[in-house]
Amino acid sequence: MSSKTPYYITTAISYPNGKPHIGHAYELIATDAMARFQRLDGKDVFFLTGTDEHGQKMQQTARNEGITPEALAERNSNEFRAMGKLLNASNDDFIRTTEPRHHEASQEIWRRMEANGDIYKDSYAGWYSVRDEAYYAEDETEVRADGVRYGPQGTPVEWVEEESYFFKLSAYEDKLLKLYEDQPDFIGPNERRNEVISFVKSGLKDLSVSRTTFDWGIKVPGDEKHVMYVWVDALTNYVTATGYLTDQNGPRAKYWPADAHIIGKDIIRFHAVYWPAFLMSAGIPLPKRVYAHGFLLNKGEKMSKSLGNVVDPVNLVSHFGLDQVRFFFLREVSFGQDGSYSEEGIGTRINADLANGIGNLASRSLSMIAKNLEGKMPEPGPLTDADKAILATADEAIAICREEMGRQQIHKAVGAIMNIVNESDRYFAAQEPWVLRKTDVARMATVLYVTAEVVRQIAILFQPIMPDSAAKLLDLVAVPEEKRSFVYLGEAGRLAPGTELPAPAPVFPRYIAPEADKA
RNA sequence: GGCGGGGUAGCUCAGUUGGUGAGAGCGCAGGAUUCAUAACCCUGAGGUCGGCGGUUCAAUUCCGCCCCCCGCUACCA
């Protein structure tokens, strides 16, 4: 048993009625960076992702393809799993809602909500569009000149009544508002919190939580004609994976409640309203934070199949390189807001920050050590104020990163690390070690030592963002595997004079845009 | 309609508990330099800080009104 503090973080589980797209990749990369950060910072991390495989749409898509929902789920779930591998995601588990463990957990949470008196049977009635397979509110529909009532998508609707179980969401209005009040950090970023509060204040209706019109789902305990509304089942995945519901003393039970659910802004309501209400009802502790990220826009436009601007994450990675893509999204996009990207933008960022910035800094300092100091870390002489200042900048960065990563402000943490790079370049230029080589070799050695030491820290800090590239950088300054966690930042892990360094090699090549025409 | 967020340099954005000169990156122009991945460093570019009005000795920052953009406004997920 470790004495480390548990830290549980999740992505939303993806709906696999299609292949993963860039939005899925973005969420996974960001969550992975946060999980890696906490691990390096000494936490006992459990990082979960997976697929949400039930529901009407899965059944429908499968039918259209002439295959079973199981086959569709299996096929696409594997695509998501493969994407995780491609992106170097460090998730500790990959949950599928079709797994037996999840059916058990979902039925258990249902029973608990029922035992608490929050589930009742009634009938759901509304204007239903067969074509859209969706219900609409009366005011969303209109009766046209032909006397037929149409839904918002322009499809005819009919009045349908369906037997359904309901969850007494209306009973949780005050409790939820109190939650948002007492735990201001429960929802982030703030704009989303406002929206949620506004939504809850406008009044909550009971939620229909079962369906009888299709059967691809988890059976309602004691009434097998019904399957659970997908969201009841989907949200429960976060608890399922910890085993908390079935064995509170199990090996993973300690991870519940989750520290952070990282989701897209489109599903904030399910996570910030329904989910805590379900948990309260079932008597289960609430997650500490739900954080919604924004959408990625292709040159400012929403990606859509009709615009033909959908970007495949696999292509993006093979074109620019994995760490480059990870870096770009985490550096350029304010996490929590929408972000715009383009090939030019990615290329520019890679060259400015990675090639010209961190890569070049490592190269210019390490190559001088290789050429002038026999490739060994020199013994530093007395430190000047300039030396101390740049070391302090590096040493203090972890505090900033910890603060920002703790609030999901990934871009600010990355910005703080990039700041060390920029400061270091200024330091290096001001110290002019290439001049010192002829005038004061001891002083040159000190400058090179200090710079290499700063490179070490930059590399350690960059591990969550760019795991492979940061590792290469750490190899270049001969930091052993076991000394790469955050406890070795600062004084604790200073490079040892006399250490042999490998021959410097470029870690971040410049990106050269293909000659090809740009339409 | 209601609620919320936003309109700041060519582009993407940060920022001001109201006050000596409004910032960063990219792009651009000039300079310096040669350790380095034609990289790095320095300087500049002169933007009515959406519009109108108000409060104040003083507002881009506070208040009111108006214009524009975006999000939320429940049972597909």
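So you know, we letter chains A, B, ... as the sequences are listed, proteins then strands, and number each from 1. Quantities reported herein were computed from a predicted structural model and do not represent experimental measurements.
Relative to the ring axis of A:F166, A:K121 does not place its NZ or CZ within 45° and under 6.0 Å from the centre. Geometrically, A:R269 engages A:F199 in a cation-pi contact, judged by NZ or CZ lying under 6.0 Å from the ring centre and within 45° of the ring axis.
The closest side-chain donor-acceptor pair between A:Y15 and A:N76, if any, does not fall under 3.5 angstrom.
Using the six-membered ring where Trp is involved, A:F320 and A:Y511 have ring planes that are tilted, between 30° and 60° apart.
The distance between atom CG of A:L448 and atom P of B:A36, rounded to the nearest whole Å, is 12 Å. Following rounding to the nearest Å, A:E163 (CD) and B:C75 (P) show an atom-to-atom distance of 21 Å. Nucleotide B:A77 holds its P atom 7 Å from the CZ atom of A:F270, rounded to whole Å. The distance between atom CG of A:D233 and atom P of B:C75, rounded to the nearest whole Å, is 19 Å.
Checked against B:A74, B:C35, B:C76, the side chain of A:V230 finds its nearest nucleotide in B:C76. Closest to the side chain of A:I267, from the set B:U37, B:A74, B:A77, is B:A77. Closest to the A:N360 side chain, of the nucleotides B:A77, B:U37, B:G5, is B:U37. Relative to the side chain of A:Y124, the nucleotides B:A74, B:C41, B:C75 differ in distance, and B:C75 lies closest. Among the nucleotides B:C35, B:A74, B:A77, the one closest to any side-chain atom of A:K371 is B:C35. Distance from the side chain of A:D266 is smallest to B:A77 among B:C42, B:A36, B:A77. The side chain of A:Y229 lies closest to B:C75, out of B:G25, B:C72, B:C75. Of the listed nucleotides (B:C35, B:C26, B:C41), B:C26 has the atom at the smallest distance from the side chain of A:T348. Listed nucleotides: B:G5, B:U37, B:C40. Nearest to the side chain of A:F508: B:U37. In this structure, the nucleotide among B:C26, B:C42, B:U37 sitting nearest to the side chain of A:S363 is B:U37.
Residues A:M368 and A:F428 are in side-chain contact: their nearest non-hydrogen atoms beyond the backbone lie under 4.5 Å apart.
Residue-level contact check: A:I268 touches neither bases nor backbone, having no heavy atom under 4.0 Å from any strand. Note on A:G359: a base of the nucleic acid sits closer than 4.0 angstrom, heavy atoms only. A:G294 comes within 4.0 angstrom of nothing in the nucleic acid, heavy atoms only. Residue A:F199 is in base contact, counting any heavy-atom pair closer than 4.0 Å across all strands shown. Residue contacts for A:V507: at a heavy-atom cut-off of 4.0 Å it reaches a base atom on one of the strands shown. Heavy atoms of A:D52 sit under 4.0 angstrom from primed sugar atoms or phosphate atoms, though from no base atom.
Put simply, A:R426 has a side-chain N or O that comes within less than 4.0 Å of OP1 or OP2 on B:C42. Within the 4.0 Å cut-off from OP1 or OP2 of B:A39, at least one side-chain nitrogen or oxygen of A:R510 is found. Look at A:Q337 and you'll find a side-chain N or O under 4.0 angstrom from OP1 or OP2 of B:A14. OP1 or OP2 of B:U73 has at least one side-chain nitrogen or oxygen of A:R269 nearer than 4.0 Å.
Taking the C1' atom of each, B:G50 and B:U8 are spaced 10 Å apart, rounded to whole Å. Only the P atoms considered, B:U60 is 11 Å distant from B:G19, to the nearest whole Å. Only the C1' atoms considered, B:C40 is 50 Å distant from B:C66, to the nearest whole Å. With C1' as the reference atom, B:G7 and B:U17 are 23 Å apart, rounded to whole Å. Remark: the separation of the C1' atoms in B:A22 and B:A9 is 10 Å, to the nearest Å. Spacing of C1' atoms, B:G10 relative to B:G5, comes out at 26 Å, to the nearest Å. B:U61 and B:G44 have their P atoms separated by 27 Å, with the value rounded to a whole Å. Taking atom C1' in both B:G18 and B:A24, the straight-line distance is 23 Å, to the nearest Å.
The partner of B:G71 is B:C3, by the rule that a Watson-Crick or G-U pair needs both atom distances under 3.5 Å. Across all strands shown, nothing is found opposite B:U37 as a Watson-Crick or G-U wobble partner with both distances under 3.5 Å. B:G27 makes up no base pair with any nucleotide shown, lacking Watson-Crick or G-U wobble contacts both under 3.5 Å. Checking B:U55 for Watson-Crick or G-U wobble geometry (two distances, each under 3.5 Å) identifies no partner in any strand.
With hydrogens and angles disregarded, no donor-acceptor distance shorter than 3.5 Å links the side chain of A:H24 to the backbone of A:F80. When atom types are taken as modelled, the side chain of A:N360 and the backbone of A:A355 share no donor-acceptor pair closer than 3.5 angstrom. Although no hydrogens or angles enter the test, the distance criterion places a donor-acceptor pair under 3.5 Å between the side chain of A:H411 and the main chain of A:F335.
Of the two residues near RNA chain B, A:E191 and A:A234, the one whose nearest nucleotide lies more 5' is A:E191. Summary of the strand contacts: A:K265 and A:E332 both lie near RNA chain B, and taking for each the nucleotide with the nearest heavy atom, the more 5' one is attributed to A:E332.
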